[in-house]
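Notes follow the structure.
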Amino acid sequence: MSAINNKHILIGISGGIAAYKTAELVRSLIKKGAQVQVCMTQAACDFITPLTLQAISGNPVHTDLLNPQAEAAMGHIELARWADLIMIAPATADFMARLAHGHANDLLSTLCLASEAPIHLAPAMNRVMWSNPATQSNVRLLKEQGVQLHGPAEGEQACGEVGAGRMLEALQLADLIESQFSASAKQLPLSGKKVLITAGPTREAIDPVRYISNRSSGKMGYAIAAAAQQMGAEVTLVSGPVALEAPAGVRRILVESAKEMHQQTLKEAERSDIFIATAAVADYSPANVADQKIKKTDDPVSLELDYNPDILMDVSHQFPELFCVGFAAETENLIEHAKTKMLRKKLDMIVANPVGHNQGFDKDTNQVEILFKDQHISLPEQDKRTLATKLMNIVANQIN
Ligand code: C5P
């Protein structure tokens, strides 16, 4: 039985003349045993009718984001979750631009943004449009986001010109999709990599019953650990106290204070390839920890604080070969502060997110800006688990 048997394939069609070939693609996938749903942009419907695709796929074709009847049958989030793989064929220059920038102004772009499934594109356009710097810059952005592009092929084009811009043939695309599910294609993007992650808050003891801490829930770090594990990595999570279970297959080392986290992380860093510091490490800890519970008095008390070690800084300086990712939670001047941090801490990549005013900490969603020395990617507010997969795809693309 083929590995694609019963897999859920969402075929997206954007508005290009190559759309007629997609009917053949859907037919081939069904012959291979896949279940296929089709989503078409409005422009695609000018090139090939939804009725044709409905007849071939055996399912109603999805075209509208705001159609109550269609939403009642299968809502767009449900459809996004249903997909094991999304293939956009043909992917026009305009669709690629919208996808690269996270637009959600029609059903197909919304589905792509709302899905955790791998996204594949079969670009098709006039050769000059393909080689245009704007399109090429979107191609780079898409690759950084973990989207996989197939083609375009060279040859004669519908517009009469000859060059790169033809969509790959339907049968080629069907085989390509099938190969994504076959055992031989199971070389996962982080196979063989060792990923070390810090997560959660730290607790800095004042006395045996009191401590200083912060509002970090650890959700982002745990989601990153789970995503890295699912992408084939061997994951070690050094975690402060949180109310979360260790993700399946992840080795967890529980710590309390910044000093303990520092010690454990440095020990593990030596055998790691990638370090991701998501922990909200307390910057200071009490200079003297009382042996007994400090008694209440009528006098005001003051607490002397010492600076804690900077775990990320020490790891990146002691292990320059390690791919180091930092997080910058900021309440103001997000990009500026994050850039300074990236340089000061010698990082390969920094993920900046606004916090405070009900953003970032202790929430299920996050909105981030990803900075490299010479690039910047914005990811819109989304579920931390979806975001974690996208972040790890970006990291995988950087190191592979
Ligand atoms: O300097 P700041 O605390 O804003 O830097 C944030 C980044 O540095 C995060 O990735 C955090 O996990 C890491 N960090 C650390 N050890 C510290 C302070 C921050 O690893 N003591």
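Treat the numbers as computed from the prediction; the structure is a model and nothing was measured. Each ligand, and each atom within it, is numbered from 1 in the order the structure gives. Positions are given from 1, in the same order as the sequence printed here. We use all heavy atoms of the structure for the numbers below, so side chains are in, but hydrogens, waters and symmetry mates are not.
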Which pairs of N or O atoms, one from ligand 1 and one from the protein, are separated by less than 3.5 Å, and what is the distance for each pair?
{"unit_1": "ligand 1", "atom_1": "1 (O)", "unit_2": "Lys345", "atom_2": "NZ", "d": "3.0"}
{"unit_1": "ligand 1", "atom_1": "4 (O)", "unit_2": "Lys341", "atom_2": "NZ", "d": "2.4"}
{"unit_1": "ligand 1", "atom_1": "5 (O)", "unit_2": "Lys345", "atom_2": "NZ", "d": "2.9"}
{"unit_1": "ligand 1", "atom_1": "8 (O)", "unit_2": "Lys345", "atom_2": "NZ", "d": "3.0"}
{"unit_1": "ligand 1", "atom_1": "10 (O)", "unit_2": "Ala277", "atom_2": "O", "d": "2.6"}
{"unit_1": "ligand 1", "atom_1": "10 (O)", "unit_2": "Phe327", "atom_2": "N", "d": "2.8"}
{"unit_1": "ligand 1", "atom_1": "10 (O)", "unit_2": "Phe327", "atom_2": "O", "d": "3.3"}
{"unit_1": "ligand 1", "atom_1": "12 (O)", "unit_2": "Ala277", "atom_2": "O", "d": "3.3"}
{"unit_1": "ligand 1", "atom_1": "12 (O)", "unit_2": "Ala279", "atom_2": "O", "d": "2.6"}
{"unit_1": "ligand 1", "atom_1": "16 (N)", "unit_2": "Ile311", "atom_2": "N", "d": "3.0"}
{"unit_1": "ligand 1", "atom_1": "20 (O)", "unit_2": "Leu312", "atom_2": "N", "d": "2.9"}
{"unit_1": "ligand 1", "atom_1": "21 (N)", "unit_2": "Pro309", "atom_2": "O", "d": "2.9"}

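- Remark: Arg271 engages Glu234 in a salt bridge, criterion side-chain N to carboxylate O under 4.0 Å.
- A side-chain donor-acceptor contact under 3.5 Å links Asn6 and Gln35.
- Salt bridge absent: Arg210 and Glu204 never bring a charged side-chain N and a carboxylate O closer than 4.0 Å.
- A salt bridge between Glu169 and Lys21 is present, with a side-chain N of the basic residue lying under 4.0 Å from a carboxylate O of the acidic one.
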Can you give each donor-acceptor pair under 3.5 Å made by side-chain atoms of residues 45-55, sequence neighbours left out, with the distance rounded to 0.1 Å?
{"unit_1": "Thr49", "atom_1": "OG1", "unit_2": "Thr52", "atom_2": "N", "d": "3.2"}
{"unit_1": "Thr49", "atom_1": "OG1", "unit_2": "Thr52", "atom_2": "OG1", "d": "2.8"}

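- With salt bridges taken as basic N to acidic carboxylate O contacts below 4.0 Å, one links Arg251 and Glu268.
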